Protein chains: 2
Amino acid sequence: MTKPRSRRGGGRPTIADVARKAGVGAITVSRALREPERVSEDLRRQIQAAVDELGYLPDPNARALASARAEVFGVLVPSLTNSVFAEVLRGIYDSLSDSSYRIQLGNTHYSGLEEERLLQVFGPQRPAALIVAGIDQTPISRRLLETAGCPVVQVMETGPDPVDMMVGFSHFDGGKAATEHMIEMGYRRIGFIGARMDPRSQRRLAGYRAAMEAAGLFDARLVTTTPVPSSVTLGRELFRDALAKVPTLDAVFCNNDDIALGVLFECHRASIAVPKTIGITGFNDLDMMEVAFPSVTSVRTPRYEIGRRSVAMALAAIAGRRPQEPVVDLGFELKRRESTAR
Amino acid sequence: MTKPRSRRGGGRPTIADVARKAGVGAITVSRALREPERVSEDLRRQIQAAVDELGYLPDPNARALASARAEVFGVLVPSLTNSVFAEVLRGIYDSLSDSSYRIQLGNTHYSGLEEERLLQVFGPQRPAALIVAGIDQTPISRRLLETAGCPVVQVMETGPDPVDMMVGFSHFDGGKAATEHMIEMGYRRIGFIGARMDPRSQRRLAGYRAAMEAAGLFDARLVTTTPVPSSVTLGRELFRDALAKVPTLDAVFCNNDDIALGVLFECHRASIAVPKTIGITGFNDLDMMEVAFPSVTSVRTPRYEIGRRSVAMALAAIAGRRPQEPVVDLGFELKRRESTAR
DNA sequence: GAGGCGGACGGTAGCGCTACCATGACGTAG
DNA sequence: CTACGTCATGGTAGCGCTACCGTCCGCCTC
């Protein structure tokens, strides 16, 4: 009684098996699974029983080929270890965990070329949606996104010219707000310390600069940056450099919290009083900033929410309900803490 | 001169277009792309020219359907924000970035049920390999892995009974080594502080307990754990609890570095001398532990290397070269630092 | 010179599903 | 009573690729 099985297909039940068992056409099974409301109650039950009995699971590859659409979200982030993106991802995953969408994750390593390559890999499989970090795609990447034939959400930042949709906040404003806060607290020789210096960091720097210039405090020597990837270790080193360069430094705006933590530790180690001698402000407001001693002022960014919202928008677009406003600014919040409270 | 285009396929060139243009059969194009050595030099060049001219990209969905094998690595991790897994992922990505494999990432949220669900989603698409974190799969998950029909690598830990292959290290030994070190440094009332308490944490705790018992120092009141997800904030709180419970505490072995950092900050805040009054040891050795003040002793785990090695093993298995030894123990290294140097 | 053999290439037939269109039953309008 | 729309269901024909097997040709062997 062994059914003759196809040479390739490992012997898993197919939609035809289900149809035979349920006494209906294959199409009706397909419909019952995808658009149950279009199949009568009776048949639906019959089909469900056959599905359960056989343990049928639709083949996603066959489905993708036939419908020219894969149930896949393509997600492109520049880094996996940067906890900022980890939280965006968490938001994306949490929003998609009830659905049957799979998530294909690409790591661009902050490289436009890598991004192009990954889009070239993602494109041909016709994903249901694409979520990409950043708004500074290369012209080639941009064209690939525009011709992807699916909803595209650019995340982390907002800007004037979305490929399709955007969810993020203004890094310029965030940098500006942080700097203004320090000026307000009486700091004058406020340094900027930044690593990696990707486009978003650049905009935070621009915000810093704008605030400093507005207060007549800007001085190019206050800015210390490096293209090297960010780390706590690097924060410590850059702070030392900055201090060597400008011994009168009385505060630092750190490009991100890792850097800020490095600065804080170095202050401890060198017995520099925080916030009295040096004020510190970070960016992103990781969990630990509140717990640190002294607690560290930081700009809270809506990372998790960006992930959630990007999926919500993509899902809406897939369902044909495009949002009125394609660009969503989720804002940020300056968390004032001990490290700048002098 | 508009070619009649198929109703569904959006107009992208297919293998037939390439074959026509190159004046060969479709099969030969397919072969030229996948097994170039089986096609003559001449035709290969001709076909490559046609591919370039048309901008042909093979359809991965059609490929997967026809060959019953998708060029996809399925990866299952319990958390996206835990930087330990982020580094494993980085290793995986770096090892796969030159290949045409795509990576489908699933987040199990430390839940066996979620893992089962994700395996059920990954399986039908016939991935090229599966990499899963942990060795404590549910029976259902285990069967799904065994019947996946592709190489499977369990990562993070080693154990006696691999589904297929394993790469990791002994968490028990890590916990034991950390504890022994503290005993050696003269600490006696050594607490264990742990959050989440997933199976790997449990084994670290078991290692701690074994070392404490061997020294005649074990006391159940020294152990403070919670199922709540780990965070720096939580480290601080648990440390307070532990101290309230056992005021004579003179050291803590922290389940992970986040917890350790929370403890360190709380010591600063409460003016508790480290390492004099309290010794601290973490687990994983994140970048920041070395920079912290005082620098924190921790067990360095080969996270990135685990990622790399797991891919290497999977790739070898795909190529038919199964490793002699299916279980690879990458070990760990105890980093002795200021936080336990009294 | 016949037969055998291996290497290069191609044709056919799917892989398992869904888009598209057809069919038939039924209800409603004129 | 006919015409026509609507709804539930089914049949056919692919989606774009590759497994399988066959053909052809050149070369070697005896």
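First the proteins, then the strands, lettered A, B, ... as listed; each starts at 1. Not measured: the values here are computed from a predicted model.
The side chain of Arg31(A) lies closest to dT9(D), out of dC17(C), dG16(D), dT9(D). Comparing atom distances between the Leu65(B) side chain and each of dC17(D), dG10(D), dG16(C) picks out dG16(C) as nearest. Side chain of Arg63(B), nearest nucleotide from dG16(C), dC17(C), dT18(D): dT18(D). If you check dC17(C), dA19(D), dG11(D) against the side chain of Ile27(A), the one that comes closest is dG11(D). Distances from the side chain of Asp59(B) to the nucleotides dC17(D), dT18(D), dC17(C) place dC17(D) closest.
Heavy atoms of other residues, nucleotides or ligands lying less than 6.0 angstrom from CD1 of Ile140(B) number 12 at most.
Across all strands shown, Arg34(A) has heavy atoms under 4.0 Å from sugar-phosphate atoms exclusively, and none from any base.
Between Glu37(B) and Ala62(B), the residue anchored closer to the 5' end of DNA chain C is Glu37(B), taking for each the nucleotide with the nearest heavy atom.
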Open item on the list: Please determine whether side-chain contact (heavy atoms from CB on, under 4.5 Å) holds for the pair His109(B) and Asp94(A), giving the CA-CA distance in whole Å, both sets of side-chain angles, and the decisive distance to 0.1 Å.
Closed with: CA-CA 10 Å; His109(B) 294 98; Asp94(A) 285 359; 3.0 Å; yes
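A 4.5 Å side-chain heavy-atom check between Glu37(B) and Arg31(B) finds every atom pair outside the cut-off.
For the OP1/OP2 pair of dT18(D) and a distance below 4.0 Å, the side-chain nitrogens and oxygens of Ser30(B) include at least one atom meeting the criterion. Contact between the side-chain N/O atoms of Ser40(A) and the OP1/OP2 oxygens of dC7(D) is not found at any separation under 4.0 Å.
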